Amino acid sequence: MSIIRFGTRGWRARYDDGFNEESVARIADGVATIWQEAKPHSRVLVGDDTRFASREMAMLAAEVMAAKGLRVYLSDRICPTPALGWSISKDPDAVGGLMITASEAPADYGGVLLLMRDGSPATRIFKNELEATMPPSAPEGRGSYETINLMDDYLCHILSYVDKDLICDAHLKVMVDPMYGAGEGYLARILRDIGCDVTEIHGGLHDDFAGIHPDPMEPWVDDCEAGTVSSKADMGLVLDGDADRLSVVDEKGNLLTPKTMIPLLMDHLVTDRKRNGKVLATISCSSAIKTQAKRLGIPLTETLVGFNRLYAEMWDAQVMLATEEYGGVCIPSHFPERDGLLAALLMVEYRAMRNEPIAQLEEELERAIGHYDYGRRDIRMDYGSIDSFRLMLPGLNPSSLAGKKPKSVSHGDGLKLTFSDGSWTMIRASETEPMVRIYAEASNSVERMKLMKAAIQLVRSSSL
């Protein structure tokens, strides 16, 4: 029996190291047992991404859950995670859902993501209960499920969020890169439907994703960057493997990092769309988001790291947007989870409404809020070392770092040092992987690298 432990984004494993029919059937049986006891004979929705054997695994999970007495509906086509989550949230009879996906992980990984009745990922309490409920071996029972079209209503809904006529009149040229993932075809289609000239790359089914990782960051976005320039597109849009995250490429072929994309989106929501409300961001996000919130006159609440930490705050009806360090965007009025396709539509609407090149909008943003140089570095450790480091991290309290004396020290989520010039660095141990994550931000790359190197040295000297 393989050990299955759920992280913040569900459970993932390599195909040659645990992701197989037995594991998926055990998970499906365990979750079905919990849901059947909580709400007998309720509806469960199941979706799958483009990965090798994802459809077969989704069918297996549907059959196992149906055998427990649940009414199971499997998406009749490849389904982005946001489409599944939104569909669950709008179905009064649904108790939850199961998505076969490993999101941005490489092609040799498979995974299972559990969604609650509001469309958000399962809580830690639920996952603990599931880990204790799963049978030690695959169940034999199989039931019947039905198929369902989850895409049409979802796509119609996210299109209702934007001004389609405005976008059509702008005659924008857009490069779309779904990275061989679950957003393949969908974003390109709806953009064409509202008048954009769209070129899609990295579409179709490829068992190995043609060598790229479906993660919208360097170096995996190189083809979109080059294609945006060569095709003279107004912008490039890159989705991750299950389409819950978005990255944007400007017309010069430069990738917008979250510290730029999120403040631009905030500007669009508040200035152009006249939205008002609170922004939620994790403490590992760039200070550019905080500065932009202050400039726009809207409140910002910071939470501990992890999108799951943001969910508790989303019940506040005043929340306009929630985000984390990777740039995932949630609009709670849509549903309480990230949605890369909706974020893409909003960024296209922003470009159309301002009628200015994205690069120019970036320059205007920097003039308004200043320059922020942000970076992150991961240090892998063996399991023994990372466990020891987690125990000693709360006691770390350096009097200075890179020649700077901290203005404030926080141990709320690892160690965060903030300095009088606004620069900061953060050290935290991953909750799901044997690694330490180091963040640093300053007004320029030289100062940021000094902080980063000093933090790395602190980690290495403390873990000896």
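Computed from a prediction, not measured in an experiment: that's the story for all the values here. Numbers here are sequence positions counted from 1.
The minimum heavy-atom distance between Thr133 and Glu129, with the atom names listed, is OG1-O, 2.7 Å.
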Extract all donor-acceptor atom pairs below 3.5 Å that involve side chains of residues 183-193 and protein atoms in other chains or at least two apart in sequence.
residue	atom	partner	partner atom	Å
Tyr186	OH	Ile78	O	2.5
Arg192	NH2	Val198	O	3.3

Show the atom names and distances, to 0.1 Å, of all donor-acceptor pairs under 3.5 Å that link a side chain in residues 166-180 to residues at least two apart or in another chain.
residue	atom	partner	partner atom	Å
Lys173	NZ	Ser231	O	2.7
Asp177	OD1	Met179	N	2.8
Asp177	OD1	His202	ND1	3.1
Asp177	OD2	His202	ND1	3.1

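Counting only residues at least two apart or in different chains, salt bridge (Lys or Arg N to Asp or Glu O under 4.0 Å) contacts with residues 101-125 comprise Arg12-Glu104, Arg14-Asp108, Arg124-Glu131. Within the structure, the salt bridge (Lys or Arg N to Asp or Glu O under 4.0 Å) test picks out the following pairs touching residues 207-220 (sequence neighbours left out): Asp215-Arg245. Within the structure, salt bridge (Lys or Arg N to Asp or Glu O under 4.0 Å) contacts touching residues 258-272 (residues at least two apart or in different chains) are Asp267-Arg295, Asp267-Arg354, Asp272-Arg354. Within the structure, every pair that satisfies the side chain to side chain donor-acceptor pair (under 3.5 Å) test and touches residues 138-150, not counting sequence neighbours, is listed here: Asn149-Asp152.
Checked for salt-bridge contact, Arg390 and Asp387 meet the test: a charged N lies under 4.0 Å from a carboxylate O. With respect to Arg351 and Glu356, no salt bridge is recorded, no charged nitrogen being found less than 4.0 Å from a carboxylate O. Using a 4.0 Å cut-off between charged nitrogen and carboxylate oxygen, Glu349 and Lys164 do not count as a salt-bridge pair.
Within 6.0 Å of CZ on Phe52 lie no more than 12 heavy atoms contributed by other residues, nucleotides or ligands. Atom CG of Leu391 is surrounded by more than 12 heavy atoms from other residues, nucleotides or ligands within 6.0 Å. Counting heavy atoms of neighbouring residues, nucleotides and ligands inside a 6.0 Å radius, atom CE of Met353 exceeds 12 of them.
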Audit row: Ile331, Met320, side-chain contact (heavy atoms from CB on, under 4.5 Å) steps and yes/no: CA-CA 6 Å; Ile331 307 294; Met320 176 184 69; 5.9 Å; no
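In this view, Glu200 satisfies the salt bridge (Lys or Arg N to Asp or Glu O under 4.0 Å) rule with no residue, not counting sequence neighbours. In this structure Ser75 satisfies the side chain to side chain contact (heavy atoms under 4.5 Å, CB included) test together with Arg77, Cys79, Leu150, sequence neighbours excluded. By the side chain to side chain contact (heavy atoms under 4.5 Å, CB included) test, Thr303 is found to be paired with Thr282, Arg309, Leu310, Glu313, residues two or more places apart in sequence or in another chain being considered. Judged as a side chain to side chain contact (heavy atoms under 4.5 Å, CB included), and not counting sequence neighbours, the contacts of Gln36 are Pro40, His41, Leu70. With sequence neighbours excluded, the residues forming a salt bridge (Lys or Arg N to Asp or Glu O under 4.0 Å) with Arg428 are Asp413, listed by chain and number. With sequence neighbours left out, Arg376 forms a side chain to side chain contact (heavy atoms under 4.5 Å, CB included) with Glu325, Tyr326, Asp378, Arg437, Tyr439.
The only member of Val329, Asp244, Ile158 that meets side chain to side chain contact (heavy atoms under 4.5 Å, CB included) when paired with Asp339 is Ile158.
The aromatic rings of Trp220 and His213 lie parallel to each other, with less than 30° between the two planes, well short of the 60° mark.
Inspection of the Ser42 and Trp35 side chains reveals no N or O donor paired with an N or O acceptor under 3.5 Å. Between the side chains of Asp49 and Ser54, at least one donor N or O lies within less than 3.5 Å of an accepting N or O. Donor-acceptor pairing under 3.5 Å is lacking for the side chains of Thr123 and Tyr311. Checked by atom type, the side-chain pair Ser333/Tyr161 shows a donor-acceptor distance below 3.5 Å. A donor and an acceptor atom, one from each side chain of Thr101 and Asp48, are nowhere located under 3.5 Å apart.
Within the 4.5 Å cutoff, the side chain of Val112 has no heavy atoms near those of the Met57 side chain. Looking only at side-chain heavy atoms (C-beta outward), Leu321 and Arg275 stay at 4.5 Å or farther from each other.
Aromatic ring centres of Phe19 and Tyr109: separated by at least 6.0 Å.
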